[in-house]
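Lettering of chains follows the sequences in order, A, B, ..., and the numbering in each one begins at 1.
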Number of protein chains: 2
Amino acid sequence: MAKTLIFGHKSPDTDTICSALVYADLKQQLGMDAEPVRLGEVNKETQFALDHFGVEAPQLIEKVDDDVTDVILVDHNEFQQSVDNIQDVRISEVIDHHRVSNFETKEPLYFRAEPVGCTATILNKMHKENGVVVSKENAGLLLSAIISDSLLLKSPTCTQVDVDAAYELAEIAGVDLETYGLDMLKAGADVSDKSALDFVTMDAKEFTMGDAKVQIAQVNTVDTNEIYQNQAAIEKEIEQIINDKNLDLFLFVATGILNNDSDVLALGSAKDNVEKGFNVSLDADNRAILKGVVSRKKQIVTNLTETFTN
Amino acid sequence: MAKTLIFGHKSPDTDTICSALVYADLKQQLGMDAEPVRLGEVNKETQFALDHFGVEAPQLIEKVDDDVTDVILVDHNEFQQSVDNIQDVRISEVIDHHRVSNFETKEPLYFRAEPVGCTATILNKMHKENGVVVSKENAGLLLSAIISDSLLLKSPTCTQVDVDAAYELAEIAGVDLETYGLDMLKAGADVSDKSALDFVTMDAKEFTMGDAKVQIAQVNTVDTNEIYQNQAAIEKEIEQIINDKNLDLFLFVATGILNNDSDVLALGSAKDNVEKGFNVSLDADNRAILKGVVSRKKQIVTNLTETFTN
């Protein structure tokens, strides 16, 4: 096992996997004994990107082994999204683009968060700062991460810096941004073989909002109705998670990648906060349409945190 | 009042004051409506630096006014060291070199912490990144901050990056590093007009360690015995603060700038942790010599946090 492990969050998405891979490669080029790892299964969208650019997925770990001296977190900082024994290891760096919360260290560290749409965008910048040229494969991975986090540059989290990086990286990677991007998103939005349990866990993150424990799962899809064909089964899985983790709210978000609306299902004792936070009424099935809402981070977490803390 | 306020921690030291001044100037040059402010009295060392380079101290504030949209924190991130209403304001940036703890935001932000000896060292780098030349006055302020935080490049917190920055800045500022540095430290170490209350408050920081509330005050001096001439008065002030703030430990650190040892006084129900953490015995006066200990951050906070959490 390498001395420094680099990993993103649990329920890994394309930014988390690709950023771990590319940052480990950059660190190796700069002389560090770094190894990328992952905390969960590779999703279809990410696998499409890895296959397209001929890159192996990083190794899966359950916990950080005792012989690892340092870890570097990419694409997250909140401990509940990180490896289970994160409190026992020394975090030497964080590269992230999320809010900072439930994170602390005993010692000074290198912590770099920027309010851009994607960790990959920061990594693209860091290559330049270190005078390292981004390889074709790495450009493809970073581009895939930006497309994923920005839903093809359409999310409100996407900044001009992300857009510029995406076009620059597409050229190095030798792909057409729009064509490759839509193919990748569609590969990820193929839910034909997914179970109800997959839906509610494949991209789920837990948050502390005020005193409340909230879990938010998001699934991108071409047609949100397809997701809810068996809503009862989804509800059953969610109720189980609410009980197991003692959650106050589980928000399941099905996002249409073509119309850019989200069809959400809210369960748990604090589900009223979804109505308050988004000024909608949940229907008899505990569902509501959030028009133009595609970003968990910028449009959902911010809004709900505000509601829970006021 | 400007739209964005920039400030360092309470009980401001030279790095906090100078970094606020210089970063506000950099931000203004980059087009931001930024204003440096401070959260407490300017100490003698800082005043020496300001006078030497002909710069006015920033304005004192008690709290952030309602018409301020954003704040930028320099040289700190822990909320208990920040302005009282920090939870009510939007933090758009943090530039710091301390551990991250008791800090959170609702939204993504620009957070830049680096494990170097001084915030000013990071600001020196940021001028280069933005293609902005450091003025003679600003070079003097940044240099003063580095000399202060590193006790003339002698503290274990001081990295090669700080050393290189210090020599570079001394040349721009037109001063001899050693001569100016010792003059500045001596000005700060002049305690002839200080009261016992001054000693325990002039550079005091509060920390959460495990479940414990700990306050650590540090005074640099040419002769630590001079500080303890009236130890009873110092103890009385500390007991008052322990009662008022319900502290578990107050550690008063008198650091000799010539011999680089610290003569500490520990009071509070958790004072045993000082003995454990540093493998020393407190004498009948609750004092102990910590050989070679000059850095609160790297040698004291790290050590005590470890002791309190294990």
Side-chain angles (χ1 to χ4, degrees), chain A residues 70 73 75-79 87-88 90-119 121-122 125-126 128-129 149 156-157 159 161 207-210 295-310, chain B residues 70 73 75-79 87-88 90-119 121-122 125-126 128-129 149 156-157 159 161 207-210 295-310:
Chain A
D70 288 357
L73 309 187
D75 196 32
H76 75 299
N77 65 81
E78 304 193 35
F79 282 176
Q87 305 259 22
D88 307 327
R90 183 173 172 275
I91 304 166
S92 60
E93 288 190 35
V94 175
I95 314 291
D96 194 13
H97 68 120
H98 296 88
R99 70 171 189 177
V100 178
S101 188
N102 191 21
F103 176 87
E104 61 171 0
T105 59
K106 283 181 196 143
E107 290 171 64
L109 77 162
Y110 184 90
F111 192 118
R112 179 169 183 165
E114 299 189 21
V116 293
C118 186
T119 307
T121 300
I122 305 170
K125 204 194 281 187
M126 290 178 78
K128 290 177 192 171
E129 291 167 5
D149 270 13
T157 58
T159 69
V161 188
F207 300 89
T208 304
M209 298 180 179
S295 165
R296 171 165 50 193
K297 185 169 62 170
K298 200 142 185 168
Q299 296 171 295
I300 299 176
V301 174
T302 312
N303 219 324
L304 277 182
T305 302
E306 189 75 31
T307 311
F308 271 99
T309 50
N310 284 343
Chain B
D70 287 356
L73 309 187
D75 196 34
H76 75 298
N77 65 80
E78 305 193 34
F79 282 176
Q87 305 258 23
D88 306 328
R90 185 175 171 274
I91 304 165
S92 60
E93 287 190 36
V94 176
I95 314 291
D96 194 13
H97 68 121
H98 296 89
R99 69 171 191 176
V100 178
S101 189
N102 192 20
F103 176 88
E104 62 171 359
T105 59
K106 282 182 196 142
E107 290 172 63
L109 78 162
Y110 184 89
F111 191 117
R112 180 170 184 164
E114 300 189 21
V116 291
C118 186
T119 307
T121 301
I122 305 169
K125 204 194 283 186
M126 291 178 77
K128 290 177 192 173
E129 290 167 5
D149 269 14
T157 57
T159 68
V161 188
F207 300 89
T208 304
M209 299 182 180
S295 164
R296 172 165 52 194
K297 184 170 64 170
K298 201 143 184 167
Q299 296 172 294
I300 299 176
V301 173
T302 312
N303 219 324
L304 277 182
T305 303
E306 189 74 31
T307 311
F308 271 99
T309 50
N310 282 343

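Listed options B:Val100, B:Thr305, B:Val116 were ranked by heavy-atom pairs under 4.5 angstrom with chain A; first place goes to B:Val100. Counting heavy-atom pairs closer than 4.5 Å to chain B, the top-ranked of the candidates A:Met209, A:Lys297, A:Glu104, A:Glu306 is A:Glu104.
Heavy atoms closer than 4.5 Å to chain B are found in the side chain of A:Thr309, but not in its backbone.
The shortest heavy-atom contact between A:Glu107 and B:Thr302 is CG-CG2, 3.6 Å.
Under the salt bridge (Lys or Arg N to Asp or Glu O under 4.0 Å) criterion, B:Lys298 pairs with no residue at all, not counting sequence neighbours.
To the nearest 0.5 Å, atoms CZ (A:Arg112) and CZ (B:Arg112) are separated by 6.0 Å.
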